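Here is how names work: the chains are called A, B, and so on, in the same order as the sequence lines, proteins then strands, and each is numbered from 1. We use all heavy atoms of the structure for the numbers below, so side chains are in, but hydrogens, waters and symmetry mates are not. Predicted model, so just to flag it, every value in this text is computed and none were measured.
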There are 2 protein chains.
Amino acid sequence: MPLDLILNNLEKHIHLTREEQELFTAYLQPKKIKRKQFLLTYGEVCKYSAFVTAGCLRGYTVDKSGIEHVLSFAPADWWIADMYSLISQKPGIQNIEALEDTDVLLLSKANQEKLYTQIPKFEHFFRILTENSLVASQQRLIDSLSLTAEERYNNFCKRYPTLIDHLPQKQIASYIGVTPEFFSRMKSVMVRKK
Amino acid sequence: MPLDLILNNLEKHIHLTREEQELFTAYLQPKKIKRKQFLLTYGEVCKYSAFVTAGCLRGYTVDKSGIEHVLSFAPADWWIADMYSLISQKPGIQNIEALEDTDVLLLSKANQEKLYTQIPKFEHFFRILTENSLVASQQRLIDSLSLTAEERYNNFCKRYPTLIDHLPQKQIASYIGVTPEFFSRMKSVMVRKK
DNA sequence: CCAATTTCTTAACCTACATCAAGTGCCGCC
DNA sequence: GGCGGCACTTGATGTAGGTTAAGAAATTGG
């Protein structure tokens, strides 16, 4: 059941009473997104944090020469949002798209802020969630500055083991920051090496 | 006075009473770091968040071919730490070094956690601080994936206007992710263009 | 104020990855 | 069940930025 998944996710960092759980779940809004549909598009203000209960989303930006850069994948049990836009409430820079039919639970920014005051444990939870994202983001920056495409691919495989053979490889190429052409070549070289 | 600087920094997001201010400042530990001395070195566990009151620090990693990558500069009124190590309490991956004689106020992880329970506003403050770092880190990742060295340099100038003519240019080169040689060439080309 | 070190510049050559182009395989869909 | 389009491959060629080296300029510490 989807609500169990999100309650277990919270349980990793905070413990809620029955009533608190009920207050929380009342704030959630389930939504289904079909493959290739968008949860959020460039220029829109991000009003929700999304928790994925089934399927998979990707968040990406498009640069001025039209190239897409995948910033994150969100399979089941992950949170996703355009943090820049969610925080500033300015027009966002990400597209968030379903890679397959996907179910999410939406928590609006307004409700999230109510939770902070009604149940301070949520401030704690989201602080930790944000800290972990920050560490991941910094690590990815370090990787992009100091590793080769091949090493970044190996890191991707560790970080998203469930996604490797599940995802069009152009999406993986975009995540590790190379063209699909180069990624294809690289993979065939890696096979030959073994 | 240094304490005013940090209290004003907090004031950007939370309001403290006189007593809360006193409780907080009692937790702080002033420290002086001479130019080229380290606040933290690779492999050490990070036990403090540091707030700079004068001077300037840099946080950087060294990759396996010995190249340094500057992750952040911290001039006066900025916070710095090896977040990965501070959070996990595992051996860190950053060196934090003084670029000139620098004064910091240290807040230990233990004290920081006491603040979270004694004055929940601090959980709020550090959540926001972490959110802003996350957004900056994501933006820098996007920049490194989609901009040229020249565009990244322009962004650097916007982000750290006070540092541009204040900092050895090899440090800037390292921050934007190019060699000092290339950076030098790039600058002379930029001048000629104008 | 000088010597030592560090920083900056310039130049020739090199490499990881991009771009463009053409072809193959395959999956979904009327 | 055929076909339109997308994902993947492979090859030829282009380029941003790296490497090595060597000299000039600037800082720094004594």
Side-chain angles (χ1 to χ4, degrees), chain A residues 34-37 56 58 60 62-70 73 97-101 141 143-156 163-193, chain B residues 33-37 55-56 58 60 62-70 73 95 97-102 141 143-156 163-193:
Chain A
K34 286 226 160 295
R35 186 177 137 84
K36 299 200 177 178
Q37 299 291 101
C56 185
R58 71 190 255 252
Y60 67 95
V62 181
D63 70 25
K64 62 178 188 304
S65 28
I67 297 167
E68 296 180 1
H69 302 277
V70 172
F73 296 109
E97 181 200 19
L99 290 167
E100 52 193 274
D101 293 359
L141 179 65
D143 289 358
S144 90
L145 292 169
S146 60
L147 301 183
T148 63
E150 200 172 319
E151 293 167 317
R152 274 177 274 140
Y153 174 57
N154 289 330
N155 282 5
F156 166 85
L163 294 183
I164 306 164
D165 33 33
H166 188 87
L167 222 56
Q169 77 184 37
K170 60 181 284 201
Q171 300 299 345
I172 302 177
S174 168
Y175 181 89
I176 68 173
V178 296
T179 57
E181 293 91 338
F182 183 78
F183 185 68
S184 169
R185 249 183 287 248
M186 192 186 86
K187 269 189 45 175
S188 78
V189 171
M190 287 174 76
V191 169
R192 251 170 279 154
K193 263 199 277 193
Chain B
I33 308 154
K34 286 226 156 298
R35 185 177 138 82
K36 300 200 178 180
Q37 299 291 98
C56 186
R58 70 190 255 251
Y60 67 95
V62 181
D63 70 24
K64 63 179 187 302
S65 29
I67 297 167
E68 295 180 0
H69 301 276
V70 173
F73 295 109
N95 296 291
E97 181 201 17
L99 290 168
E100 52 194 273
D101 293 359
T102 298
L141 179 65
D143 289 358
S144 89
L145 293 169
S146 60
L147 301 183
T148 63
E150 200 172 319
E151 293 167 317
R152 274 177 274 140
Y153 174 57
N154 290 329
N155 282 4
F156 167 84
L163 295 184
I164 305 162
D165 32 33
H166 190 88
L167 221 57
Q169 74 185 38
K170 60 180 286 204
Q171 301 299 345
I172 302 177
S174 168
Y175 182 90
I176 69 175
V178 295
T179 58
E181 293 88 341
F182 182 78
F183 185 68
S184 171
R185 237 183 313 175
M186 191 186 85
K187 268 190 48 173
S188 78
V189 170
M190 286 173 75
V191 169
R192 251 170 279 156
K193 265 200 275 193

* Asked: In terms of the nearest nucleotide of DNA chain C, which residue is placed more toward the 5' end: Lys170(B) or Leu147(A)?
  -> Lys170(B)

In whole Å, what is the span from the [atom1] atom of [X] to the [atom2] atom of [N]?
X         : N       : atom1 : atom2 : result
Arg152(A) : dA16(C) : CZ    : C1'   : 10 Å
Ile172(B) : dT7(C)  : CD1   : P     : 13 Å
His166(B) : dT7(C)  : NE2   : C1'   : 16 Å
Glu100(B) : dT28(D) : CD    : C1'   : 15 Å

* Run the side chain to side chain contact (heavy atoms under 4.5 Å, CB included) check on Asn154(B) and Met190(B) step by step: do they pass? -> CA-CA 11 Å; Asn154(B) 290 329; Met190(B) 286 173 75; 3.9 Å; yes

* Structure fact -> Contact check, residues 178-186 of chain A vs DNA chain C, heavy-atom distance under 4.0 Å, returns Val178(A), Thr179(A), Glu181(A), Phe182(A), Arg185(A)

For the [atom1] atom of [X] and the [atom2] atom of [Y], what is their distance to the nearest 0.5 Å?
X         : Y         : atom1 : atom2 : result
His166(A) : Gln171(A) : NE2   : CD    : 12.0 Å
Ile176(A) : Phe182(A) : CD1   : CZ    : 8.5 Å
Met186(B) : Thr148(B) : CE    : OG1   : 7.5 Å

Heavy-atom check, side chain of [X] versus side chain of [Y], under 4.5 Å:
X         : Y         : value
His69(A)  : Tyr60(A)  : no
Lys187(A) : Phe183(A) : yes
Glu150(B) : Tyr153(B) : no

* Is the shortest side-chain N/O distance from Gln169(A) to OP1 or OP2 of dT9(D) below 4.0 Å? -> yes

* On DNA chain D, nearest-nucleotide positions of Ser65(B) versus Leu167(A): which is more 5'? -> Leu167(A)

* Give the C-alpha distance, both sets of side-chain angles, the deciding distance and a yes or no for side chain to side chain contact (heavy atoms under 4.5 Å, CB included) between Tyr175(A) and Leu163(A). => CA-CA 12 Å; Tyr175(A) 181 89; Leu163(A) 294 183; over 6 Å; no

* Does Lys34(B) pair with Asp101(B) as a salt bridge, N-O distance under 4.0 Å? -> yes

* Just call it for Arg35(A): base, sugar-phosphate, or nothing, with non-hydrogen atoms closer than 4.0 Å on any strand. => nothing

* To the nearest 10 degrees, what angle separates the axes at the start and end of the helix from dC1(C)-dG30(D) to dC30(C)-dG1(D), five pairs each? -> 60°

